[in-house]
Amino acid sequence: MFAYCSDPQVLDGLAWLSCYLTTGKHMAIYWAVGTVLLLLAITGPAALLFGFGGAVAARSPVAPLSWLGRGYIAIVRGVPDIAFFLFFVIALDQGLEYLRHLALCPDWDQPVRQGSDFLVCPQAKLPLSSAPQWQHEVYGFALAVLTFAIVFGAFAANVLHGAMRAVPRAQIETAEAYGMTPRQTFRRIVVPQMWIYALPGLGNLWMVLVKATPLLFLLGVEDIVYWARELGGTKTPQFTDYPHGDWRMWYFLALLVFYLGLTRVSEIGLERLMIRLSRGQATLGGAAQGGVR
Amino acid sequence: MDTSPVIEIRDLHKSYGQLEVLKGVDIAAPRGHVVSLIGSSGSGKSTLLRCANLLEDSQQGEILFKGEPVAWRGTGAGRHPADRAQVVRIRTQLSMVFQQFNLWAHMTILQNVMEAPVTVLGRDRAEVEDRARGYLDRVGIGDKADAWPAQLSGGQQQRAAIARALCMEPAALLFDEPTSALDPELEQEVVRVIKSLADEGRTMILVTHDMKMARDCSDHVVFLHQGRIEEEGPPGALFGAPRSERLRGFLSSTLAHDPAHAAT
Amino acid sequence: MDTSPVIEIRDLHKSYGQLEVLKGVDIAAPRGHVVSLIGSSGSGKSTLLRCANLLEDSQQGEILFKGEPVAWRGTGAGRHPADRAQVVRIRTQLSMVFQQFNLWAHMTILQNVMEAPVTVLGRDRAEVEDRARGYLDRVGIGDKADAWPAQLSGGQQQRAAIARALCMEPAALLFDEPTSALDPELEQEVVRVIKSLADEGRTMILVTHDMKMARDCSDHVVFLHQGRIEEEGPPGALFGAPRSERLRGFLSSTLAHDPAHAAT
Amino acid sequence: MSCWEIVADYAFRSLGYGERLLPRSDFTLCQQVVLIGSGMIWNVYFGAVALVAGFALATLVALGKAARSPWLRKPSEWFVFVFRGSPLFIQFFFAYFFFLSLKQSVPALDPLTSAPVGAALVLFLNTAGYSAEIFHGALRSVPRGEVEAAEAYGLTGWPRFRRIVWPTMLRLAWPAYTNEAIFLFHATTLVFLSGFPAAGQKGDALYYASYFADQTFNPFVPYPILALYFIALTLVIVAIFGAVNRSLNRHLPAARRPARPRFLPQIVR
Amino acid sequence: QDVIRMGTEGAYPPYNFIDDSGEVAGFERELGDELCARAGLTCEWVTTDWDSIIPNLVSGNYDTIIAGMSITDEREEVIDFTQDYYPPTESAYVAASEEVDVLSGVVSAQTATIQAGHVAESGAALLEFATPEETVAAVRDGEADAVFADYDYLLPLVEASGGELMFVGERVPLGGGVGMGLRESDAALRDQFDAAITSMKEDGTLNALLVEWFGEQVGTY
Ligand SMILES: Nc1ncnc2c1ncn2[C@@H]1O[C@H](COP(=O)(O)OP(=O)(O)OP(=O)(O)O)[C@@H](O)[C@H]1O
Ligand SMILES: Nc1ncnc2c1ncn2[C@@H]1O[C@H](COP(=O)(O)OP(=O)(O)OP(=O)(O)O)[C@@H](O)[C@H]1O
Ligand SMILES: [Mg+2]
Ligand SMILES: [Mg+2]
């Protein structure tokens with residue numbers, strides 16, 4: 001990075017550290033921070049969307065839709081995210097490629113499964129094997145986002161489903177009495193009022209999601225924890241210009257600070273939201289803001 | 001003037017589990033008429049109103065709105081309205097003031113009043129706002145338009161609930177003890193409102209514990225006792241010469257010890 | 001008999017943010033007396049009761065219970081009771097019936113009534129249960145002992161709230177419109193209860209919109225108007241010969257059109 | 001070898017009973033099902049211990065967070081912040097280091113570095129942090145009228161909390177708390193994945209599942225088995241929590257018209 | 001096929017690791033680049049988690065595995081290997097003192113590896129850690145008496161420890177040689193790489209590479 005870094009053996013103290021912390025490998029961990037933040041920024045809303053869809057489906061009066069929603073919640077919520085990531089992503093990837101295969105190569109005569117191999121026609125590969133590396137990475141990232149969203153969507157659906165039921169019945173009845181259709185009642189009364197019941201649960205879910213980002217590595221995305229492990233592990237002089245002992249402690253400490261910071265920011269945001277939502281409500285939280293009886 | 005009933009209830013039965021609350025009630029409210037429902041606490045008055053606008057399923061009997069009978073599906077405890085569109089259609093023409101007010105907690109008072117006309121009837125927002133403020137002024141809480149329900153006194157909440165019902169400008173209204181939290185002055189104002197609504201041709205069913213109000217407003221008074229109609233008739237006759245023992249007992253407590261006596 | 005006030009309020013001021021609700025109110029209720037608080041909706045009656053049992057912090061003025069002044073910490077908007085033990089001590093001798101009842105939703109009616117005597121006063125459970133059932137019978141909902149609050153009619157909930165207050169057998173009671181949801185018959189019963197409580201030497205402050213009730217029960221009537229006491233005195237004088245313009249206007253609506261006239 | 005023999009050999013392998021060695025070749029479905037199921041014993045153990053103990057601590061911490069005194073509030077806030085704010089495996093990592101150094105000075109604390117004690121302790125603290133926040137949030141949604149009524153009747157402090165606030169808080173918190181319980185059981189798979197060492201090939205369900213995935217190079221058999229086990233476990237949790245939820249909500253009138261089975265939405269009209 | 005994607009782990013020096021500049025480096029990097037050059041292929045390097053390295057290959061996410069993977073019968077059933085480019089490997093015990101009895105003490109190994117299986121069978125008390133790093137740390141902390149791992153992985157660590165760690169007990173030959181893994185359906189590609197390996201073996205460049213990365217005592221062809 002810096003000009004004086006060409007021969008690290010002669011450096012010491014801060015100069016050494018400044019070179020050490022700016023190696024290409026360290027750049028990768030800084031990038032990974034961005035990856036994690038980007039993943040969270042996309043997955044959060046996406047999971048909420050899945051959750052909302054799941055909750056709406058689960059409470060639908062149409063039986064098959066309701067089964068679908070309940071099944072989604074029950075099954076996906078039942079599987080530990082790790083186990084899910086260990087086989088689901090590959091399955092998802094194969095599923096997508098298989099669909100493309102059916103669509104793009106109707107004349108393909110060889111079987112798709114040959115022994116343990118999974119072979120689709122070259123045009124159906126996702127992304128195409130000729131695609132540049134960044135496309136592979138974006139695709140992997142997109143699969144990760146989708147998987148996270150599906151998994152956490154199931155939990156969000158459960159929270160939202162509960163919150164919808166926590167809305168006092170009198171409030172809903174009144175809307176019905178005024179001729180609102182179920183949809184209007186849902187949109188105008190249930191949804192605005194459910195947030196106050198849902199937010200603590202959703203906030204927690206968000207925290208769990210943030211803390212699940214280390215699992216990204218299982219999905220083939222190199223996240224900060226992967227790099228922290230890699231960088232912190234003992235380095236012998238043979239393979240690096242910057243040999244050191246087991247420094248995982250320090251890297252993990254840095255991770256701890258990073259995650260605590262992220263948590264703090266999230267908490268402040270959630271707190272603001274909560275204050276906004278409980279404005280004027282006759283609850284202990286609403287009352288804490290004063291002026292409410 | 002058309003005098004066929006706007007709201008008609010025939011032989012209505014309603015139970016909560018084992019508890020039979022309504023045991024065959026018939027009521028007919030023609031256009032522009034006010035029918036008052038009196039009776040002791042727990043006699044089923046609120047339940048009757050809630051059945052009338054289909055918030056509760058009843059187990060037996062007919063409900064007709066403007067001559068159109070509600071279509072049912074199933075029987076007994078499994079009886080539900082068959083046609084959701086019909087239910088919505090009836091309800092948009094039938095506003096209710098709840099005994100516990102049930103203001104929507106997440107909306108300001110003004111939003112509460114504007115909500116149904118804008119969302120359900122699809123009226124123009126600005127026009128509805130004018131009208132809503134007018135009704136809020138009329139019930140004397142124009143200055144509370146931007147307060148939350150939880151910040152209002154009991155009487156103010158009740159008045160907001162009344163304004164909300166009025167703003168729908170429905171063909172018929174159901175009032176469940178609309179003056180329970182109001183002082184005599186405001187009560188008189190509500191009586192005036194009800195009378196002017198009747199003059200406009202709106203039909204009302206009014207549950208009240210206030211015999212004076214029942215007497216002042218209604219064209220017809222129904223005395224409900226333990227889920228049955230014990231006695232009914234025009235207010236003059238009913239209050240002047242109650243026939244049944246029960247009604248006489250019920251009214252006696254109103255007539256004794258009246259400040260009116262002391263004042264005169 | 002000791003006639004020093006059990007509840008005394010001196011120059012009480014209370015604001016919600018910008019809105020000044022109580023602007024210097026003085027009230028004294030001696031032992032065994034019933035003080036009625038009348039006034040239009042939003043005049044600050046509920047707020048006064050809530051200040052009296054320290055549910056709301058007031059910004060200025062004194063509150064004394066049995067001659068003992070509440071100790072304060074801080075001033076103005078930052079004023080709070082200084083001594084929690086004192087607050088608890090006062091409250092266990094001072095029961096309140098809320099305007100919105102505030103029954104504990106997760107307990108049955110009987111549990112609601114038994115809760116405070118057992119948990120706070122540490123009374124014997126079996127003995128309290130007997131007493132609680134007695135009070136429930138007295139207000140006419142003995143058969144609802146095992147129902148949940150959400151299953152009761154408005155009037156039944158109100159009666160449960162009254163039974164809950166009575167079961168504490170406190171030195172003083174605060175009633176916030178205790179008969180708003182009750183029919184005239186039950187109202188008379190509540191009047192009787194209040195009178196017998198007064199005879200037992202209990203002190204009461206009663207907020208009501210029912211002038212007849214105020215007249216029947218009270219030793220002293222206070223007319224609150226916009227956060228100030230506009231007029232006060234014994235019921236006979238106050239209702240018989242109101243001095244202030246406002247009170248006369250307020251009462252006029254009660255006196256006109258009374259079914260009592262029609263009946264006689 | 002019949003499946004019954006496999007059950008006899010491996011059903012309690014995760015606890016150290018039965019066959020000393022794991023199967024090395026010719027893996028059968030039965031072996032996978034039995035061994036992964038054997039590992040579930042640990043997942044259930046970790047989850048149950050942490051959940052029960054965590055519930056109590058969470059309640060205290062939630063109360064602490066709501067307390068007026070900064071002496072109670074600040075430590076509670078920090079506790080929740082740290083345990084909710086950092087990934088579980090970092091907690092495992094530091095806890096393991098910490099326990100290692102602890103036992104060097106206090107030999108009696110030797111078991112702390114073993115998973116059954118150390119990991120359970122970390123999971124307990126972790127779930128307490130999350131649950132405390134859920135409870136705290138629910139605390140703020142308790143209807144004010146009921147709390148005021150309690151105050152007015154002299155119910156303060158502990159009795160007020162236990163009799164009035166707590167039941168309502170639980171009712172409001174329950175859906176989110178159910179989620180947390182499920183998360184906790186899922187998190188137990190991290191114990192051997194990145195937390196504590198597994199001694200003598202005694203591990204949890206994921207340990208055996210990844211063992212088989214590694215030996216057979218086929219993730220599509222052991223992980224779905226693991227998933228099915230967890231779905232079953234989750235269904236049990238949901239059933240138990242659902243029963244509690246029903247009793248917490250028993251005072252509320254049931255929804256009037258339960259979603260009636262309707263195959264065709266009323267589009268026509 | 002225009003681009004061959006080479007899958008590796010990037011965490012197993014000296015076979016493959018991530019160098020200071022964040023690139024895949026090591027013996028297999030140099031070998032792989034040379035093989036591609038000889039076979040006339042364009043190659044691209046991809047890192048992936050060891051646990052899913054074979055499933056990802058058969059599902060087509062990359063085309064070869066070149067990650068220090070020993071040729072075993074079990075693996076042969078699922079994928080194809082080229083001929084070995086590293087002679088059969090040995091595993092070794094490392095301890096903090098000479099006296100340790102590796103057959104009855106506590107021995108650490110990485111979870112679910114051949115080494116872990118060997119320790120379990122040897123009668124020693126096995127202590128499994130998720131990463132190789134932790135297995136060595138356990139010896140330093142006294143949690144384990146010895147660590148059992150690949151000799152080539154341990155050697156640099158022992159050398160860098162300054163006498164704190166030492167080899168003890170017998171070395172154990174485990175696994176066949178190391179080869180490149182390919183899908184069974186990719187026979188043509190395998191033949192190309194096989195030919196390239198043969199040519200490197202023949203002209204001595206492979207031996208030179210082995211010595212460069214593993215030192216003089218390494219087995220050669
Ligand atoms: N939490 C609050 N925040 C702001 N304003 C409030 C709050 N509670 C009450 N107020 C206002 O204080 C005034 C007095 O309220 P209070 O409840 O004491 O009236 P009241 O005399 O009991 O009336 P009612 O007979 O209608 O019950 C009202 O104008 C009300 O809007
Ligand atoms: N959800 C319910 N479940 C069970 N019983 C109920 C329910 N709602 C009402 N009831 C019972 O039905 C009866 C009639 O109740 P309703 O509310 O109609 O009385 P009401 O005439 O309006 O009385 P009030 O004047 O006290 O409001 C009461 O005995 C009540 O306890
Ligand atoms: Mg009623
Ligand atoms: Mg009031």
Side-chain angles (χ1 to χ4, degrees), chain A residues 59-64 66 74-75 77-84 86-87 90-91 116 155 158-159 161-163 165-166 169 196-197 199-201 203-205 207-208 210-214 225 248-249 252 255-256 259-260 262-264 267 274 278 281-288 292-293, chain D residues 81-82 84-90 93-94 97 130 133-134 136-145 147 172-176 178-180 182-183 185-187 189-190 193 206 209-210 213 217-220 223-224 226-227 230-235 238 252-253 255 259-263 265:
Chain A
R59 73 201 295 281
S60 159
V62 186
S66 165
I75 292 176
R77 209 161 65 115
V79 184
D81 37 11
I82 306 173
F84 210 77
L86 282 171
F87 73 93
I90 298 182
S116 45
F155 287 89
N158 187 54
V159 170
H161 192 56
R165 283 189 302 192
R169 201 153 74 89
I196 187 170
Y197 302 104
L199 201 65
N204 234 38
L205 204 54
M207 295 301 174
V208 176
V210 170
K211 257 55 93 196
T213 49
V225 178
R248 283 178 306 159
M249 180 74 104
F252 278 41
L255 281 189
L256 187 69
Y259 276 108
L260 286 179
L262 208 55
T263 300
R264 189 76 204 115
E267 272 184 1
M274 191 67 191
S278 49
Q281 303 270 331
T283 61
L284 287 183
V292 177
R293 49 198 228 135
Chain D
F81 179 58
V82 168
R84 214 167 81 107
S86 54
L88 181 57
F89 81 93
I90 292 190
F93 177 86
F94 282 112
F97 259 94
Y130 276 94
E133 186 61 27
I134 295 176
H136 178 68
L139 216 50
R140 308 204 320 179
S141 306
V142 172
R144 183 136 149 84
V147 180
L172 295 174
W174 209 252
T178 309
N179 267 359
E180 168 55 23
I182 295 172
F183 276 129
F185 277 93
H186 290 183
T189 53
L190 283 175
L193 186 77
L206 182 66
S210 61
F217 317 106
N218 182 0
F220 295 116
Y223 292 130
L226 175 77
F230 267 94
I231 289 175
L233 177 63
T234 307
L235 289 180
V238 167
L252 296 181
R260 55 195 161 117
R262 177 148 59 102
F263 283 87

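Quick note: numbers below take in every heavy atom, side chains included, and nothing from hydrogens, waters or symmetry partners.
- Atom CG of D:Asn218 sits about 11.5 Å away from atom CZ of A:Phe87, to the nearest 0.5 Å.
- In this structure, A:Gly78 and D:His186 approach most closely via the heavy-atom pair O-NE2, 3.0 Å.
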Side chain to side chain contact (heavy atoms under 4.5 Å, CB included) evaluation trace for A:Phe252 with D:Phe97: CA-CA 12 Å; A:Phe252 278 41; D:Phe97 259 94; over 6 Å; no
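- Remark: A:Met207 CE to D:Ser86 OG distance equals 11.5 Å, nearest 0.5 Å.
- Both the backbone and the side chain of A:Leu260 come within contact range of chain D, judged by heavy atoms closer than 4.5 Å.
- Of the atoms belonging to A:Ala212, not a single heavy atom falls under 4.5 Å from chain D.
- The shortest non-hydrogen separation linking A:Ala83 to D:Leu226 is CB-CD2, 3.3 Å.
- For A:Lys211 against D:Tyr130, the heavy-atom pair with the smallest separation is CE-OH, 3.5 Å.
- Taking all atoms of both residues into account, the shortest heavy-atom contact from D:Ala176 to A:Gly201 is CB-CA, 3.7 Å.
- For a residue to count as touching a neighbouring chain, one of its non-hydrogen atoms must lie under 4.5 Å from one of that chain's; by this rule D:Tyr223 touches chain A with backbone and side chain alike.
- Ranked by heavy-atom pairs under 4.5 Å with chain A, the first of D:Pro175, D:Pro87, D:Gly137, D:Pro224 is D:Pro87.
- Both the backbone and the side chain of D:Phe81 come within less than 4.5 Å of a heavy atom of chain A.
- Put simply, of D:Phe220, D:Trp174, D:Phe185, the one with the most heavy-atom pairs under 4.5 Å next to chain A is D:Phe220.
- Closest non-hydrogen pair, D:Leu235 versus A:Ala74, comes out as CD2-CB, 4.5 Å.
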Criterion side chain to side chain contact (heavy atoms under 4.5 Å, CB included) on D:Asn179 and A:Asn204, from CA distance to verdict: CA-CA 9 Å; D:Asn179 267 359; A:Asn204 234 38; over 6 Å; no
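- At a 4.5 Å heavy-atom cutoff, the contact between D:Phe94 and chain A is made by side-chain atoms alone.
- The shortest non-hydrogen separation linking D:Thr234 to A:Arg77 is CG2-O, 4.0 Å.
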